[in-house]
Amino acid sequence: MQSEREPMSESQDPIVSFNDEPLILVDSDDTVIGYKDKWQTHQGEGELHRAFSIFIFNERNELLIQQRSDQKHLWPLVWANSCCSHPRKGEDYLTAVHRRLGEELNLKAELKFLFKFEYHATYKDVGSENELCSVYVGRCSDAASANRNEVAQFRYISPEELDQALAADEASDADDEYSPWLKLEWARIRGEFWDEVEKL
């Protein structure tokens with residue numbers, strides 16, 4: 001059994017994620033039905049909870065993607081979108097997205113809500129994401145600085161390159177290089193909301 005607080009890292013960056021932080025349990029209509037700590041919420045098939053994903057583009061319309069830290073219990077060292085996490089108990093979406101963007105990447109940006117969707121994904125025999133996820137986009141030309149407790153590395157990628165990479169990842173028999181939520185969210189952004197990205 002893991003300790004309630006995740007172990008200290010050798011990194012000098014602040015620790016911003018805790019197994020006992022209270023997440024917001026919801027139904028499919030996003031009605032709050034309770035609270036549970038992060039560790040328990042992700043066990044087994046997981047319990048449906050609020051989450052968010054952020055997509056940050058630079059002035060060349062390239063997307064900032066991150067490789068998740070090897071400290072992550074779920075999908076460590078897998079590539080994902082710019083930033084993703086959970087609102088905590090007592091925290092609204094906007095407060096949470098701006099907090100987390102600063103904590104993980106030391107960035108500030110005006111963020112636009114695009115859509116909300118429900119998904120479920122299981123990582124090996126470790127646990128699951130069972131999320132009602134709100135997706136935001138923004139544009140920022142400032143230099144990102146990764147919190148090494150959360151992010152192993154990051155890079156910018158063109159939309160066309162990401163399209164090709166995700167298609168290759170789906171076709172491969174190897175372990176996924178990209179997160180399941182990135183694949184789902186990117187498909188909708190490209191298919192339904194790309195004009196909103198170009199307006200940023």
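Sequence positions, counted from 1, serve as the residue numbers for this chain.
- Closest heavy-atom contact between W75 and E129: CZ3-CG, 3.6 Å.
- Note on V135 and L200: same hydrophobic cluster, where clusters join Ile, Leu, Val, Met, Phe, Trp and Tyr whose side-chain heavy atoms are under 4.5 Å apart, directly or indirectly.
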> Taking it one step at a time, do E110 and Y136 satisfy side chain to side chain contact (heavy atoms under 4.5 Å, CB included)?
Replying inline: CA-CA 10 Å; E110 185 175 342; Y136 294 81; over 6 Å; no
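- Inter-residue side-chain proximity for N147 and P14 is flagged as met; some heavy-atom pair is nearer than 4.5 Å.
- Residues W39 and L23 are members of separate hydrophobic clusters, defined by side-chain heavy-atom contacts under 4.5 angstrom among Ile, Leu, Val, Met, Phe, Trp and Tyr.
- For the salt bridge (Lys or Arg N to Asp or Glu O under 4.0 Å) with E21, the qualifying choice from R88, K89, K36 is R88, the only one to do so.
- At least one donor-acceptor pair under 3.5 Å links the side chain of Q67 to the backbone N or O of L77.
- Annotation for R148 and D13: closest pair N-OD2, 2.7 Å, computed over non-hydrogen atoms.
- Comment: E150 engages K72 in a salt bridge, judged by a side-chain N to carboxylate O separation of less than 4.0 angstrom.
- Atom CD of E196 has more than 12 neighbouring heavy atoms from other residues, nucleotides or ligands inside a 6.0 Å radius.
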> Please walk me through it: do F55 and L182 pass side chain to side chain contact (heavy atoms under 4.5 Å, CB included)?
Replying inline: CA-CA 10 Å; F55 289 74; L182 171 60; 3.7 Å; yes
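- Taking 4.5 Å as the limit, every side-chain heavy atom of P87 sits out of range of all side-chain heavy atoms of T95.
- In summary, the side chains of W186 and N81 do not present any donor paired with an acceptor at a separation below 3.5 Å, with no hydrogens or angles considered.
- The side-chain heavy atoms of I56 and L101, taken from C-beta on, include a pair separated by under 4.5 Å.
- Using modelled atom types, no side-chain atom of E62 and backbone atom of S158 make a donor-acceptor pair closer than 3.5 Å.
- Under the 3.5 Å distance criterion, the side-chain polar atoms of T41 are left unmatched by any main-chain donor or acceptor of E47.
- At distances below 3.5 Å, not a single donor-acceptor pair connects side-chain atoms of N61 with backbone N or O atoms of E198.
- Across all their heavy atoms, A51 and Y93 have their closest contact at O-CE2, 3.7 Å.
- Atoms CG and CD, from L63 and E161 in turn, are 11.0 Å apart once rounded to the nearest 0.5 Å.
- Judged by the 6.0 Å and 45° rule, R188 forms a cation-pi pair with F115.
- The aromatic rings of H86 and H49 sit tilted relative to each other, their planes meeting at an angle between 30° and 60°.
- In this structure the side chain of K108 never reaches within 4.5 angstrom of the side chain of D142, judged on heavy atoms.
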> Passes side chain to side chain contact (heavy atoms under 4.5 Å, CB included), Y35 versus I24? Steps please.
Replying inline: CA-CA 5 Å; Y35 307 95; I24 304 170; 4.0 Å; yes
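- By the rule that hydrophobic residues join a cluster once side-chain heavy atoms approach within less than 4.5 Å of another member, V151 and F57 end up as members of separate clusters.
- For D169 (side chain) and Y178 (main-chain N/O), a donor-acceptor pair under 3.5 Å exists by modelled atom type.
- Proximity of Y123 to H73: side-chain heavy atoms (C-beta onward) are nowhere separated by under 4.5 Å.
- More than 12 heavy atoms of other shown residues, nucleotides or ligands fall within 6.0 angstrom of atom NZ in K116.
- Side chains of Q71 and N149: a donor on one and an acceptor on the other come within 3.5 Å.
- Counting only heavy atoms from C-beta outward, the side chains of K112 and K199 never approach each other to under 4.5 Å.
- A distance-only check finds no donor-acceptor pair linking the side chain of S128 to the backbone of N130 [under 3.5 Å].
- Remark: side-chain polar atoms of R50 are paired, donor with acceptor, to backbone N or O of D30 under 3.5 angstrom.
- Across all non-hydrogen atoms, the minimal contact from H42 to L74 is CD2-CD1, 3.8 Å.
- C84 approaches E104 most closely through the heavy-atom pair O-OE2, 3.6 Å.
- Taking each heavy atom of A121 and P180 in turn, the nearest pair found is CB-CG, 3.7 Å.
- Hydrophobic clustering places I189 together with I157 (ILVMFWY residues linked when any side-chain heavy atoms are closer than 4.5 Å, directly or through intermediates).
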> Please walk me through it: do C133 and E185 pass side chain to side chain contact (heavy atoms under 4.5 Å, CB included)?
Replying inline: CA-CA 10 Å; C133 188; E185 292 160 2; 3.5 Å; yes
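- Just one residue in the list I54, L107, N58 forms a side-chain contact (heavy atoms from CB on, under 4.5 Å) with L64, and that residue is L107.
- The backbone N or O of S85 lies less than 3.5 Å from no partner atom in the side chain of R100, so there is not a single donor-acceptor pair.
- When atom types are taken as modelled, the side chain of H120 and the backbone of E45 share a donor-acceptor pair closer than 3.5 angstrom.
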